[in-house]
2 protein chains.
Amino acid sequence: MGITDRKEREKLEMRRLIMDAAMDMFVKDGYEKTSIRNIADKIEYSPATIYLYYKDKDELLWGLQTEAFEKLANVFREGITAIEPIQQLRQMAKLYVEFGMGNPDLYDLMFIIRSPMNAEKNEEWKSGSSAFQFLMNIIQAAIDKLKYENVMIGALSCWSMVHGLVSLNVRGRCKVLEVPEDKVQDMLQIAVDQYIDNITR
Amino acid sequence: MGITDRKEREKLEMRRLIMDAAMDMFVKDGYEKTSIRNIADKIEYSPATIYLYYKDKDELLWGLQTEAFEKLANVFREGITAIEPIQQLRQMAKLYVEFGMGNPDLYDLMFIIRSPMNAEKNEEWKSGSSAFQFLMNIIQAAIDKLKYENVMIGALSCWSMVHGLVSLNVRGRCKVLEVPEDKVQDMLQIAVDQYIDNITR
DNA sequence: CAAACTTACTGAACGGTGTTCATAATTTAA
DNA sequence: TTAAATTATGAACACCGTTCAGTAAGTTTG
């Protein structure tokens, strides 16, 4: 039955149409402007139609999040060129911070916003998991040269450090430093480098 | 003129009434349930009345944030008993994490939510600043025993570490660890302790 | 004391949000 | 061609923050 196949295809195309419009708006106009109604407007469908393809907004955001993680994965794939694990860790940390500072809305979606973490609880946040696994692998490979005793706690610590720096910045808490914007950016990189210095034996 | 004084008093009382109701709801029911309309309901006034005492919701949240910082300051005042600066840092970090994990909604307000950071930009986030200053003082006092070269970068690093741990948790990103809830809590403390070990000479 | 003025408060509305559902339009099957 | 199934939507619901004309209360003045 070819019709069923076409229907299947059309369903996927519609989902793509919605996803792409949503991602566009998200990257260009940020989270706040990305409402179901606005997305519907953009693709010239009724808001109700979107609900035929996505259960609710959370599910849609969860889809966006997954794509955002693919973006970050690509950044890592292309940017981590070193062979030496410690160097890899350095590159990874730098790329992470750059990604976060350069795509604050996507970063929000991936690591800060509460919403999409509620959708499909049993999908286990697969996209995020694999990024974390990637970090764990690097730390595992470098464990002899690191002061960490436990790979998972090490990975968590690394991640927390860079996430802490990025998220405090993204959410405007670095005002307390009373230091100009670009100076803060430098401080972040210094802090990251210093951190890796401190955890290497 | 006694009347003007009374009016002044009544104005302050009304602001307190609103603040208290808002704080109550925030702590008890979280951010989402705390709407202007709900607060108005609780204090048995019209929503419009609240706007006679607070310019907008941001200003109200900013007030809540300030009070939350006072709470945290009290936690520090009572909980930091050590004399030795490194020990003080240890205590502070522990208290910070406990506070964040124990009061996730307040933590949100103080360090994650975007809203109240827009209100009154020139007030310079005084409440947050003094908490950071407090951290800087401790690090300054311990600088000889720390691997930091710069007090501010050191303080930023410390803060980022604990904030990273807490905020990843509060926002449900620690699911990737695939480890039970209480185990994560332990890992946090280990990570914090380890971090302080790593930055001490 | 009554009238004029000032202040405090509110109901109703505006434009926005996510979401649902009966109904209409279209496509497929008989 | 007609009946059945799918797909799309308009209108509504219940929220949200916010504004503003109008009312009610308190204060000052004649």
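So that the names make sense, note that chain A is the first sequence line, chain B the second, and so on, each numbered from 1. In what follows, every heavy atom counts, from backbone to side chain, and hydrogens, waters and symmetry copies are set aside. Nothing here was measured: the structure is a model prediction, and the numbers come from that model.
Taking atom NZ on B/Lys11 and atom P on C/dT7, their separation rounds to 10 Å, with Å as the unit. Between A/Glu10 atom CD and D/dA8 atom C1' the separation is 13 Å, expressed in whole Å. Nucleotide D/dT18 holds its C1' atom 12 Å from the CG atom of B/Leu52, rounded to whole Å. Summarising the geometry, the separation between OH on B/Tyr31 and P on D/dC16 is reported as 12 Å, rounded to the nearest angstrom. A/Glu44 places its CD atom 14 Å from the P atom of D/dA8, with the value rounded to the nearest Å. Regarding A/Tyr45, its OH atom lies at a distance of 13 Å from the P atom of C/dT26, rounded to whole Å. Per the geometry, CD1 belonging to A/Ile18 stands 12 Å off C1' belonging to D/dT7, to the nearest Å. Atom CG of B/Asp58 and atom P of D/dC16 are 17 Å apart (whole Å).
Taking CE from A/Met23 and OG1 from A/Thr34, the interatomic distance works out to 10.5 Å, rounded to the nearest 0.5 Å.
B/Thr49 has a side-chain polar atom (N or O) that falls below the 4.0 Å cut-off from OP1 or OP2 of C/dT10.
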Which side-chain N or O atoms in residues 155-173 of chain A pair as donor and acceptor under 3.5 Å with protein atoms at least two apart or in another chain?
residue, atom, partner, partner atom, Å
A/Ser157, OG, A/Ile153, O, 2.8
A/Trp159, NE1, A/Tyr96, OH, 3.1
A/Ser160, OG, A/Leu156, O, 2.8
A/His163, ND1, A/Tyr107, OH, 2.7
A/His163, NE2, B/Ser167, OG, 3.0
A/Ser167, OG, A/His163, O, 2.7
A/Ser167, OG, A/Gly164, O, 3.4
A/Ser167, OG, B/His163, NE2, 3.0
A/Arg171, NE, A/Asp108, OD1, 3.4
A/Arg171, NH1, B/Ile112, O, 2.8
A/Arg171, NH2, A/Asp108, OD1, 3.2
A/Arg171, NH2, A/Asp108, OD2, 2.6
A/Arg173, NE, B/Met110, O, 2.9
A/Arg173, NH1, A/Arg171, O, 2.8
A/Arg173, NH1, B/Ile113, O, 2.7
A/Arg173, NH2, B/Leu109, O, 3.1
A/Arg173, NH2, B/Met110, O, 3.1
A/Arg173, NH2, B/Ile113, O, 2.9

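The existence of a salt bridge linking A/Lys42 and A/Asp24 is confirmed by a sub-4.0 Å separation between a basic side-chain nitrogen and an acidic carboxylate oxygen. Of the charged side-chain nitrogens involved, none lies within less than 4.0 Å of a carboxylate oxygen, so that B/Lys183 and B/Glu178 do not count as a salt-bridged pair.
Looking at heavy-atom distances under 4.0 Å, B/Tyr53 makes contact with sugar-phosphate atoms alone, never a base.
Remark: the A/Ser127 side chain and the A/Glu70 side chain contain no N/O donor-acceptor pair separated by less than 3.5 Å.
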A correct 5'-to-3' footprint of nucleotides 11-18 of chain C, with B, S and - meaning base, sugar-phosphate only and no protein heavy atom under 4.0 Å, is B-B---BB

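Two rings, from A/Phe69 and A/Phe132, have their centers 6.0 Å or more apart.
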